[in-house]
Asker: 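Below: one structure in structure tokens.
Convention: sequence-line order gives letters A, B, ...; per-chain numbering from 1. Quick note: numbers below take in every heavy atom, side chains included, and nothing from hydrogens, waters or symmetry partners.
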2 protein chains.
Amino acid sequence: MKEIRVLLVDDHQIIIDGIGALLNSTDGIKLLNAASNGKEALEILKILSVDVVLMDIDMPIMNGLDAAKQMKRNHPDTKIIMLSMHSEQSMIRELIQMGVDGYLLKNTTKEELVNAIKKVNGGGQYFSAEVTLRLMETQAERAQHQVEGVELTNREIEILKLIADGYTNKEIGVKLFISHRTVDSHRTNLMKKLEVNNVAGLINYAIRHGFLT
Amino acid sequence: MKEIRVLLVDDHQIIIDGIGALLNSTDGIKLLNAASNGKEALEILKILSVDVVLMDIDMPIMNGLDAAKQMKRNHPDTKIIMLSMHSEQSMIRELIQMGVDGYLLKNTTKEELVNAIKKVNGGGQYFSAEVTLRLMETQAERAQHQVEGVELTNREIEILKLIADGYTNKEIGVKLFISHRTVDSHRTNLMKKLEVNNVAGLINYAIRHGFLT
DNA sequence: ATCAAATTAGGGTAAATACCCTATGTGATT
DNA sequence: AATCACATAGGGTATTTACCCTAATTTGAT
């Protein structure tokens, strides 16, 4: 039987080493190069033939979300499993709509990981039980702000980071040499785009999308 | 030469499996049971003799910070290496003052990990280069709110979570059947305890200490 | 039984945010 | 030339937060 060619994408070297050690001792799975962010992963996909991409969501330079989007466009046959260290409630729906084939939460075991890789390689989907649960809960309870396809401008991201760092509009204005009213405008636009209505919502978004180190 | 007995503490099963696979293939290191939170780890320490504890900071039930504090009190000979997935700026000083023997950031390699374990087992300290750098930067630039030995009450933690979820004082009051002025009192106390002065600071604390799933 | 901590709650005020609105300049695209 | 996205900025207002203060009640521990 042909080996499943797996590309590992994670900015945590220790996880690459760890999962690498796990998968290399598994028959039927061949681990290719590892990439430390989405951009690198896309470069590798241009060169190598990959069956399954195992990718973290939170990464610098290019996050897993954007990377998955591009991969599905350029390499529709390559399967993608997202491996998330947090449990991002609202993002899961977006990923599924995007066509991601699997989603594993942090408390995955070696067995589940191997199982998931084999399943998606065979054309199936694999979502851990916790994800499925959370999905239904999201559907039922929450107003589920999906915020699909939202794009923030550079200035907005810059200001979002400063808000998350605890600076007030006035302080941000001084820092960026603009009026605090302008900062307020950006803040309002951010909240409208992200469908939240206070600073807590903004920060939660910033965290989920890796704007905070 | 005697093997180094290592206890792994992490709530991410995949990391336990991964690092487990790494360390089991390393001569001179014997991996004991793994624990998924600080409380479990302390239970294991009561029973087994452990040379080095390798522990994540963000964990449910009992986080790495509190666990390390207790370990240093009850088992002063056991060495502790903190393994952090984020890069928490302000926490590092606190850990060092607490007597933690090593601190590794997420982008650690297998080599560095093994190196660190051997070094602290021999009575030394090991801090990754990035940590040292960040430490000096913290010392120079930031106001470095250390917040050492701060303890939050159950009610405070409950309210902190709700604030981080984006609820206003009024909404929290309705939820908990108390006056919004009481919520404000708790909010004020939280900010005083944590030495921050707005909701962003509170949320950042909540995240660093794993109060947010 | 007593004491300390936790939780409750309010008075008062200044600052900041949230949320409407309009409007201008700039640079890229068509 | 016209359009559009972006960044800029202000008017106005209601709400919320931040930060002082005091104080009563509850709860748990010695």
Side-chain angles (χ1 to χ4, degrees), chain A residues 66 69 142-143 145 147-207 209 211-212, chain B residues 62 66 69-70 73 143 145 147-207 209 211-212:
Chain A
D66 296 335
K69 232 176 265 180
R142 310 216 174 202
H145 54 109
V147 200
E148 48 186 317
V150 66
E151 300 250 345
L152 302 185
T153 67
N154 289 336
R155 197 57 154 176
E156 283 169 346
I157 291 172
E158 187 177 13
I159 284 169
L160 176 54
K161 283 182 190 168
L162 291 170
I163 290 171
D165 278 344
Y167 294 105
T168 65
N169 288 342
K170 225 177 255 177
E171 289 169 340
I172 295 172
V174 170
K175 242 183 172 46
L176 301 183
F177 305 106
I178 57 179
S179 160
H180 69 97
R181 300 307 303 266
T182 305
V183 182
D184 186 57
S185 292
H186 286 302
R187 190 188 279 257
T188 301
N189 289 334
L190 278 166
M191 288 193 291
K192 201 169 285 178
K193 277 190 181 179
L194 305 181
E195 294 174 23
V196 299
N197 48 6
N198 53 34
V199 72
L202 290 180
I203 298 182
N204 281 324
Y205 180 90
I207 291 157
H209 289 258
F211 292 140
L212 304 184
Chain B
M62 182 185 242
D66 297 336
K69 231 177 263 179
Q70 287 227 22
R73 187 158 49 225
H145 54 107
V147 200
E148 50 186 316
V150 66
E151 300 248 345
L152 302 185
T153 67
N154 290 334
R155 196 58 153 177
E156 282 170 347
I157 291 173
E158 188 177 12
I159 285 169
L160 176 54
K161 283 182 190 168
L162 291 171
I163 290 172
D165 279 344
Y167 295 105
T168 65
N169 289 342
K170 226 178 255 178
E171 290 169 338
I172 294 172
V174 171
K175 241 182 172 44
L176 301 183
F177 304 106
I178 57 179
S179 160
H180 69 98
R181 299 308 303 266
T182 305
V183 182
D184 186 57
S185 292
H186 287 302
R187 190 190 278 257
T188 301
N189 290 334
L190 278 165
M191 286 193 293
K192 200 170 284 177
K193 277 189 179 179
L194 304 181
E195 294 173 22
V196 299
N197 48 7
N198 52 35
V199 70
L202 290 180
I203 298 182
N204 280 324
Y205 179 90
I207 291 156
H209 290 258
F211 291 140
L212 304 183

Asker: For B:Ile157, what residues pass the side chain to side chain contact (heavy atoms under 4.5 Å, CB included) criterion, not counting sequence neighbours?
Answerer: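 For B:Ile157 the side chain to side chain contact (heavy atoms under 4.5 Å, CB included) partners, ignoring immediate neighbours, are B:Leu152, B:Lys161, B:Phe211.
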
Asker: Could you go through nucleotides 28-30 of chain D and list every protein N or O atom that sits under 3.5 Å from one of its N or O atoms, giving the distance for each pair?
Answerer:
none

Asker: To the closest 0.5 Å, what do you measure between CD1 (B:Ile172) and CD (B:Glu158)?
Answerer: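 The distance works out to 9.5 Å.
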
Asker: Measure from CD1 on B:Ile172 to P on D:dA18 and round the result to the nearest Å.
Answerer: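 It is 11 Å, rounded to the nearest whole Å.
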
Asker: Select base, sugar-phosphate, or nothing to describe what B:Thr168 touches, counting heavy atoms under 4.0 Å on all strands.
Answerer: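 Sugar-phosphate only.
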
Asker: As a test of understanding, state which of B:Thr153, B:Leu176, B:Asn154 forms a side-chain contact (heavy atoms from CB on, under 4.5 Å) with B:Ile159.
Answerer: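 Answer after filtering B:Thr153, B:Leu176, B:Asn154: B:Leu176.
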
Asker: Measure from CD on A:Glu171 to P on D:dA18 and round the result to the nearest Å.
Answerer: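 The answer, rounded to whole Å, is 13 Å.
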
Asker: Are any protein N/O atoms closer than 3.5 Å to N/O atoms in nucleotides 7-10 of chain C? If there are, list each pair with its distance.
Answerer:
| unit_1 | atom_1 | unit_2 | atom_2 | d |
| --- | --- | --- | --- | --- |
| C:dT7 | OP1 | B:Arg155 | N | 3.4 |
| C:dT7 | OP2 | B:Thr153 | OG1 | 2.4 |
| C:dT8 | OP1 | B:Arg155 | NE | 3.1 |
| C:dT8 | OP1 | B:Arg155 | NH2 | 2.5 |
| C:dT8 | OP2 | B:Arg155 | NE | 3.0 |
| C:dT8 | OP2 | B:His186 | NE2 | 2.9 |
| C:dA9 | OP2 | B:Ser179 | N | 2.6 |
| C:dA9 | OP2 | B:Thr182 | OG1 | 2.9 |
| C:dA9 | O5' | B:Thr182 | OG1 | 3.2 |
| C:dA9 | N7 | B:Ser185 | OG | 3.3 |
| C:dG10 | OP2 | B:Ser179 | OG | 2.8 |

Asker: Search all heavy atoms of B:Gly166 against all heavy atoms of A:Ala200 and return the closest pair with its distance.
Answerer: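 That would be CA-CB, 3.5 Å.
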
Asker: I need the NZ-P distance between B:Lys193 and D:dC19, as an integer number of Å.
Answerer: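 Spelled out: NZ on B:Lys193 to P on D:dC19 is 17 Å.
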
Asker: Using five base pairs at each end, measure the axis-to-axis angle across the helix from C:dA1-D:dT30 to C:dT30-D:dA1 and round it to 10 degrees.
Answerer: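 Axis-to-axis angle, ends of the helix: 50°.
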
Asker: Give the rounded distance in Å between these two atoms: CG of A:Leu202 and C1' of C:dC19.
Answerer: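 These atoms are roughly 14 Å apart.
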
Asker: Rounded to whole angstroms, how far apart are NZ on A:Lys170 and C1' on C:dA16?
Answerer: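 In whole Å, C:dA16 C1' and A:Lys170 NZ are 8 Å from each other.
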
Asker: Roughly, in whole Å, what's the span from CG in A:Asn169 to P in D:dT15?
Answerer: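 A:Asn169 atom CG is separated from D:dT15 atom P by 20 Å.
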
Asker: With sequence neighbours excluded, tell me which residues meet salt bridge (Lys or Arg N to Asp or Glu O under 4.0 Å) with B:Glu171.
Answerer: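 Partners of B:Glu171 by the salt bridge (Lys or Arg N to Asp or Glu O under 4.0 Å) criterion come out as none, since no residue qualifies.
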
Asker: Which distance, rounded to the nearest 0.5 Å, do you find between the CG of A:Leu160 and the CG of A:Leu202?
Answerer: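 Answer for the CG-CG pair, A:Leu160 versus A:Leu202, is 6.0 Å.
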
Asker: Within the distance-only criterion (no hydrogens, no angle test), does the side chain of B:Asn204 pair as donor or acceptor with the backbone N or O of A:Ala164 below 3.5 angstrom?
Answerer: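 Yes; at least one donor-acceptor contact below 3.5 Å.
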
Asker: Provide the closest heavy-atom pair for B:Asn198 versus B:Met191 in the form atom of the first, atom of the second, distance.
Answerer: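 Residues B:Asn198 and B:Met191, closest heavy atoms: N-SD, 3.6 Å.
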
Asker: Return the value, rounded to whole Å, for the distance between atom NZ of A:Lys192 and atom P of C:dA18.
Answerer: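 In whole Å, C:dA18 P lies 13 Å from A:Lys192 NZ.
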
Asker: How close or far is atom P of D:dT16 from atom CE of A:Met191, stated in whole angstroms?
Answerer: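 Going from A:Met191 (CE) to D:dT16 (P), I get 13 Å.
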
Asker: I'd like a table of donor-acceptor pairs (distance under 3.5 Å, sequence neighbours excluded) in which one partner is a side-chain atom from residues 181-190 of chain B, with atom names and distances.
Answerer:
| unit_1 | atom_1 | unit_2 | atom_2 | d |
| --- | --- | --- | --- | --- |
| B:Ser185 | OG | B:Arg181 | O | 3.2 |
| B:Arg187 | NE | B:Asn169 | OD1 | 2.8 |
| B:Arg187 | NH2 | B:Asn169 | OD1 | 2.9 |
| B:Thr188 | OG1 | B:Asp184 | O | 2.9 |
| B:Asn189 | ND2 | B:Ser185 | O | 3.3 |

